[in-house]
Structures are given as C-alpha cells and as structure tokens.
Amino acid sequence: MPELPEVETIRKDLEKEIVGLTILDFKTEWPKKVFPSEKEVKRRIIGATIKSIERRAKLLIFHLSNNYKIIFHLKISGQLLIRCKGNPSDKYTHHVFGLSKGKQLRFADLRKFGYIKVISETEKDKELEKFGPEPLSQELNPQKFYEIIKNRKKPIKLVLMDQGIIAGVGNIYANESLFLAHIHPERKANNLSEEKAVTLYKKIEQVLKEGLEFRGASDNNYVDAYGEKGRYQEHFRVYGKRDKPCPKCGTTLKYNKVGGRGTVFCPKCQK
DNA sequence: CACATTGTTACCAG
DNA sequence: ACTGGTAACAATGT
C-alpha cells in the first residue's frame, strides 16, 4: 500500500534521523525475506555507516559507506520505524537494525510480504533497472507522459500502475488522479487525446503532492518512520468510497475490478 | 473458514 | 522481442 508519497515521507524521516549512523547489529525473525541470506547480510552491513537514503519507485535504498546498499520493499503492510533501544516493542517486527547512538531501525510487517536485500553498489540489479521515469522529477513532464502512454493499448489505470512505465503510482493515486481528470479507468491509454493525457499528468502530480503534504495515506496500516499515521485518507475523493456519492455530481460511485484490482470511479464524471 | 488484500512476477498467447 | 492478459504468490486478520 505505501506508494510514492508514503515511501517518500518515510525516506525523509529516515534521512533526518539515521543518515550518518553506523549499523552495529542486525537481527531477524523472518530470514525468508532477507537476501541473499541473514548471514551474508550481516557480513555486508555490520560496521558500515549509512551515507544516504534514496527512493526509487516504491523502494527505499540505503547507500552504505562500504560500497553496499540495502534495498527495502514494504509491499502491502511493511513499516520502517525509528526507535531507541529499549523502547516498547512494535507489533509484527521481524527485522531489527541496531544503530549507533542507541537507535534502532525496526522493520514491522503484518503480511510479511516486504523484504530486505543487500547488494553491492556495482552489482547490476534487474529490480532497479526495470522502473519507468519518476513523476515529480525532471524525468517526466506532460508531453513526455503523453509520449510514454500514447501507444499503450491497455486500460489507462493499469498503465499508471505499471512500474515499468511510470514509477511509484499505486492504486490510491491512480484512482484519485483519474477521477480528477474525468477519465474512465478502463479507457485504453492510446485512446486519450494529447490534451487529456496532459490533464491527467497534471492531476497525477497534484495528488502525489497532496499525498506528500499530508504525510501519506493511512487508509490501512501505513505509518511514517515515527509510527505516526498520515492524513491523506481524509481527503480521498473516490478511493475506498464505493457506493458513496460522487463529490462532484452526487452520482453513486461505482466499483469495478480493473486488472483484478479494486477500482472506484464516478460513472457520470469519468468517460 | 474462505476470503480479501496488493504489488509483483511467472507464464502464456499473440 | 515485446505486449497484454491472467493466475499465482507472499501471510494473516476478519
């Protein structure tokens, strides 16, 4: 569930709190999601200092002082929490990084779908190469967006959520941006005029920025690195509002599966 | 207790 | 080689 704004919020928290600290220890109760192995991860990271923290799509990447990097994927329910040693335990914590200055980084994950991977900076990693351009960066603007989507034949919502086409957009921000752009989620991407595509891209930027402003959407169990919920869910227009009135025209919002994923839209406003 | 959940990949067909 | 469509998968609270 954490999408671009949620992961970026966590990234900023972590940057503020733990860049410059040294990793003293690593413990896991769920080695199945630690790659290449618990033992090798320990060998690679203990003693190294966290130099910088980057986000790519929905991934977080810690760059270490020793030419290794740690990649985190939170998937549906992962949380990264900054705590002090001895703080009360956090439910569903499966991995703990002991840090200098008495700090801890705890990876909690109810569903256990999230993972940790440590690789060398020079190692080519398929996972990091597959992503499309980042919205809110120089890599994308309305015209480039149009070029990227204009030949895609699948539903626009699936194009938005395809990490290989555009990085970081998930179900919440796809639903919300399509609503604001008045585009039906199942419209084929190649069916959108340049004008419509430009509008859509601007709406994507808008909802991502709103998400950042409210420190993410805690519709489910998302929390920032301090364990605090975001507030963007209070501003959803359609996401999770199946059978409620459209905020624009009052028509009952419809729910469909698009590509097997829950999708809410206004049948009147979104064509 | 079967189900919903969701980002991602595996697999297949075209 | 690439695209699109669908199933499968991770695990568990409800």
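In what follows, every chain begins at residue 1, and chains take the letters A, B, ... in the order their sequences are listed. Source: prediction; values computed, not measured. The analysis underlying the following values was restricted to heavy atoms, covering all of them including side chains, and did not include hydrogens, waters or symmetry mates.
- Across all strands, A:Leu110 comes closer than 4.0 Å only to sugar-phosphate atoms, never to a base (heavy-atom distances).
- The base of C:dT6 lies outside donor-acceptor range of the side chain of A:Arg261, with no N or O pair under 3.5 Å.
- For the ring pair (Phe, Tyr, Trp, His ring centres under 6.0 Å) test, no residue two or more places apart in sequence or in another chain qualifies with A:His63.
- Contact annotation: A:Lys130 does not reach the phosphate of B:dT8 (side-chain N/O to OP1 or OP2, under 4.0 Å).
- Distance A:Phe113 CZ to C:dC9 P: 12 Å, rounded to the nearest Å.
- Computed from coordinates, the A:Phe35 CZ to C:dA10 C1' distance equals 10 Å when rounded to whole Å.
- Residue A:Leu74 contributes atom CG, which lies 16 Å from atom C1' of B:dT5 at whole-angstrom precision.
- Straight-line distance from the CD1 atom of A:Ile165 to the P atom of C:dG4: 7 Å, rounded to whole Å.
- Residue A:Tyr92 has a polar side-chain atom (N or O) positioned under 4.0 Å from OP1 or OP2 of C:dG13.
- The nucleotide whose nearest atom lies closest to any side-chain atom of A:Arg152 is, among C:dA11, C:dG4, B:dT8, C:dG4.
- A centroid separation of less than 6.0 Å is found between the aromatic rings of A:Tyr232 and A:Tyr173.
- The phosphate of C:dT12 (OP1 or OP2) has a side-chain N or O of A:Lys112 nearer than 4.0 angstrom.
- What separates CG of A:Leu158 from C1' of C:dT3 is a distance of 13 Å, to the nearest Å.
- Taking 4.0 angstrom as the limit, A:Lys75 places none of its side-chain polar atoms (N or O) nearer than this to OP1 or OP2 of C:dC9.
- As a whole-Å value, the separation of A:Glu186 CD from C:dG4 P is 16 Å.
- Residue A:Lys257 has a polar side-chain atom (N or O) positioned under 4.0 Å from OP1 or OP2 of B:dT5.
- Rounding to the nearest 0.5 Å places NZ of A:Lys69 at 15.5 Å from CD1 of A:Ile45.
- Applying the side-chain contact (heavy atoms from CB on, under 4.5 Å) test to A:Lys32 and every residue at least two apart in sequence or in another chain returns A:Trp30.
- Mapping A:Pro155 and A:Ile76 onto DNA chain C by nearest heavy atom places A:Pro155 closer to the 5' end of the strand.
- Under the 6.0 Å cut-off for aromatic ring centres, A:Phe72 and A:Phe35 do not qualify, their centroids lying 6.0 Å or more apart.
- Cation-pi geometry between A:Arg242 and A:Tyr255 is met: under 6.0 angstrom from the ring centre, within 45 degrees of the axis.
- Listed pair A:His73 / B:dG7 fails the phosphate criterion, with no side-chain N or O lying under 4.0 Å from OP1 or OP2.
- For the pair A:Asn175 CG and B:dT6 P, the computed distance is 10 Å after rounding to whole Å.
- Note: CE (A:Met161) to P (B:dT5) measures 13 Å, nearest angstrom.
- For the pair A:Tyr239 and B:dT6, the criterion of a side-chain N or O lying under 4.0 Å from OP1 or OP2 is met.
- A close approach under 4.0 Å does not occur between any side-chain nitrogen or oxygen of A:Arg111 and OP1 or OP2 of C:dG13.
- Listed nucleotides C:dG4, B:dT8, C:dA11 differ in distance to A:Lys58; the shortest reach to its side chain belongs to B:dT8.
- For A:Lys153, no side-chain nitrogen or oxygen approaches OP1 or OP2 of C:dG5 to under 4.0 Å.
- Nearer to the 5' terminus of DNA chain B, by closest-nucleotide assignment, is the contact made by A:Tyr255 (compared with the other of A:Phe131 and A:Tyr255).
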